[in-house]
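Read the structure below first, then the notes.
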Amino acid sequence: MKTFGGKVLFLDRSDINTDEIIPAKYLTEISKEALRPHMLEDLKLDGFSSQDPAVFSSKVVVTRANFGCGSSREHAPWVFEVNDINVVIASSFARIFRQNMFNCGMLAIELPEAQIEELFQHKGADACIAIDFEKDMLTIISPNGTKAFLFRLAEFDKALVKAGGWVEFADLRY
Amino acid sequence: MAMTLAEKIFKSHVRDEPFPGALVLDIDVVLCHEITTPIAINDLVARGKDRVFDASKIKAVIDHVTPAKDSKTAQQGKIMRDWARRHGIRDFFDVGRNGVCHAIFPEKGFIRPGYTVIMGDSHTCTHGAFGAFAAGVGTTDLEVGILKGVCSFRAPETIRVNVEGILPEGVYAKDVILCVIKHLTVKGATDCVIEFRGNVVTKMSMESRMTLCNMAIEAGGTSGVCMPDEVTVEYLWPFVSGEYADKAAALADFKKWWSDEGCTYKKVLNIDVTNMEPQVTVGYKPDEVKNVSEVAGTPVDQVYIGSCTNGRIEDLRVAAAYLKGRKISPLIRGIVSPATPKIFRDAEDEGIIRIFMDAGFCVTNPTCGACLGMSNGVLAPGEVCASTTNRNFNGRMGKGGMVHLMSPAVAAVTALEGKIADPRTFAKESM
Ligand code: SF4
């Protein structure tokens, strides 16, 4: 199983699409590693620079609704994975992105909008999120305070995370 | 119990339910292209599992960048080619015989009503036009599909869209789907199948139905679907005639997939097209849609006609009807990319290629090319493209570029004017 949690990258916008997470021109790469420097390169977000070193030291993304819409490219979870970001927390996900995350043994956690809003209260502060996978609990810790939230994952998605992804799971079972 | 078309397909394909609500389906066709498949192939090789579940059910094409533009794309093509040969994948379409995946696979008769179809490409929803459940998936799902012939889904809910009325002159399937996305928004159909019904859809060709279903994903939909009917039978007859006594028998068989009376829909959307204007997107999301009259006059630098949305023969016919005997604006770069070699050849035979060239268009080989800003018409920062494709995301056709999505008719007259124009104000030749 992967390790989850750490410094938070807040992306305060809905409908962030996979072209913004990793532009199509890098899809000619045939190794995940080659994607690393291009994470969020075309993200349209005021005040955001994909070159900011803080972006690359993050471990958890917190964002709004419909994250990962658009293309089916698994390069989007991969560019996070190779940058050590194994968790995305949003109020909703596009289906293919969400599935790709669990298929890679990564976490796509949905929280109600009000709770996402609470997480965003920690934006700007040096925020970290700790994940307790067994207890379905995440805790945000920042100079603004500490608060725990329970989340729910489908049993199947949990099994994929535990198995390390869908290839391992499917190969054992089918 | 009354079931939707998607529920019927799920029921007939469930292999396993490892956990409540998680359905693992048997897949009838696994489609592959050179952008998302090579990493799956490499991973299978690295795991010592370089196998395919059934070579006859795997279809592959090199379409996104073709012929290769550099060493990296050449390598992607080579991985596909070597793999197809190694495993005896006979339906593999390489340079000269290749076209845009969602145009060439249906054209070859690979998609049938009631099928489950996956591909590492979000616009796989296109194939639902045949009454199939066709979903875009990521590389890991594709990899498992190749290896085991299965894929997991949550049981889908269905949104029914009734398209009624009479399509006005100058208004096409593309305008209908842009209007649907405007109503549903970019996330309105997440985890849902969008079922296109109504008298307008019944009268549509398979090409137009594919245009509708193609953009289901832009509303977040897993698949678009149309009920398989006489039009479907006509299209598929060359491929299925050996399996049925006559067309009536094929129709009866296809109809078993129709959603039952009284089935459960998550939502029903009614759209009357009678007074619809041609639709054009603004901004960077496909649900930011306006009437053409609101955006007419917006200058553009390039016009692109092609892609899995609108690169089929009927799209080229529509555009040519406006372009015939006219020249595009000297300020415009016009690019047309017929989606498959057959479409190219038919367009050639019908004099359409000539019309495009006489008007000042560049005609490219069949490929995705400019649609995803990889080749054949990438935009410079600050440039604007009027495009018949399906995504207007920031940077989609080139970093810093902007895209307006529209029908081939709007694109053609926009090329003539050098700015977004309304096809209803142009005389059109009959093609
Ligand atoms: S034409 Fe565009 S949208 Fe369609 S498959 Fe190719 S890149 Fe994707």
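Every chain is numbered from 1 and lettered A, B, ... according to where its sequence line falls, protein lines coming before strand lines.
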B/Lys182 atom NZ: more than 12 heavy-atom contacts under 6.0 Å
yes
Are any of the side-chain heavy atoms of A/Ser92 and B/Thr190 separated by less than 4.5 Å?
no
Using heavy atoms and a sub-4.5 Å threshold, report which of residues 144-158 of chain B line up against chain A, by residue number.
B/Val144, B/Leu147, B/Lys148, B/Val150, B/Cys151, B/Ser152, B/Phe153, B/Arg154
At a 4.5 Å cut-off on heavy atoms, which part of A/Gln99 comes close to chain B: side chain, backbone, both, or neither?
side chain
Segment of A/Phe93 engaging chain B (4.5 angstrom heavy-atom cut-off)
backbone
Scored by heavy-atom pairs under 4.5 Å with chain B, the best of A/Arg73, A/Arg173, A/Glu41 is A/Arg173
What residue, out of B/His123, B/Glu218, B/Met119, B/Gln75, has the most heavy-atom pairs lying under 4.5 Å from chain A?
B/Gln75
Is there a donor-acceptor contact under 3.5 Å from the side chain of B/Asn394 to the main chain of A/Asp42?
yes
In Å, rounded to the nearest 0.5 Å, how long is the span from CD of B/Gln76 to CD of A/Glu29?
8.5 Å
Top contributor to chain A contacts, counting heavy-atom pairs under 4.5 Å, from B/Asp141, B/Thr124, B/Leu142, B/Val65:
B/Asp141
Would you mind checking which part of A/Asn100 comes under 4.5 Å of any heavy atom in chain B, side chain (CB onward), backbone (N, CA, C, O), both or neither?
side chain
Taking all atoms of both residues into account, what is the closest heavy-atom pair of B/Thr139 and A/Glu74, and its distance?
N-OE1, 2.7 Å
Does some side-chain heavy atom of A/His75 sit less than 4.5 Å from a side-chain heavy atom of B/Ile39?
yes
With side chains defined as the heavy atoms from C-beta onward, is the minimum distance between B/Ile217 and A/Ile96 less than 4.5 Å?
yes
Counting heavy-atom pairs under 4.5 angstrom with chain B, the leader among A/Cys69, A/Gly70, A/Ala94, A/Pro23 is A/Gly70
Given heavy-atom pairs under 4.5 angstrom as the criterion, report whether the side chain, backbone, both or neither of A/Ser14 touches chain B.
neither
Suppose a student defines contact as a heavy atom less than 4.5 Å from any heavy atom of chain A. Which residues in residues 17-24 of chain B would they list?
B/Pro18, B/Phe19, B/Pro20, B/Ala22, B/Val24
Sort by residue number and list every member of residues 46-54 of chain B having a non-hydrogen atom under 4.5 Å from chain A.
B/Arg47, B/Lys49, B/Arg51
Got a second to check how far B/Ser122's OG is from A/Arg95's CZ, nearest 0.5 Å?
10.0 Å
Inter-chain contacts: residues 54-64 of chain A against chain B, heavy atoms under 4.5 Å:
none
Does the side chain of A/Ser71 come within less than 4.5 Å of B/Arg391's, by heavy atoms?
yes
Would a 4.5 Å heavy-atom cut-off, applied to side chains only, mark A/Leu27 and B/Met374 as touching?
yes
Should we count CD of A/Glu117 as having more than 12 external heavy atoms under 6.0 Å?
yes
Looking only at A/Thr18, A/Asp15, A/Ile30, A/Asp157, the option with the highest number of non-hydrogen pairs under 4.5 Å against chain B is A/Ile30
Relative to chain A, which of B/Asp16, B/Val137, B/Asp70 shows the most heavy atom pairs under 4.5 Å?
B/Asp16
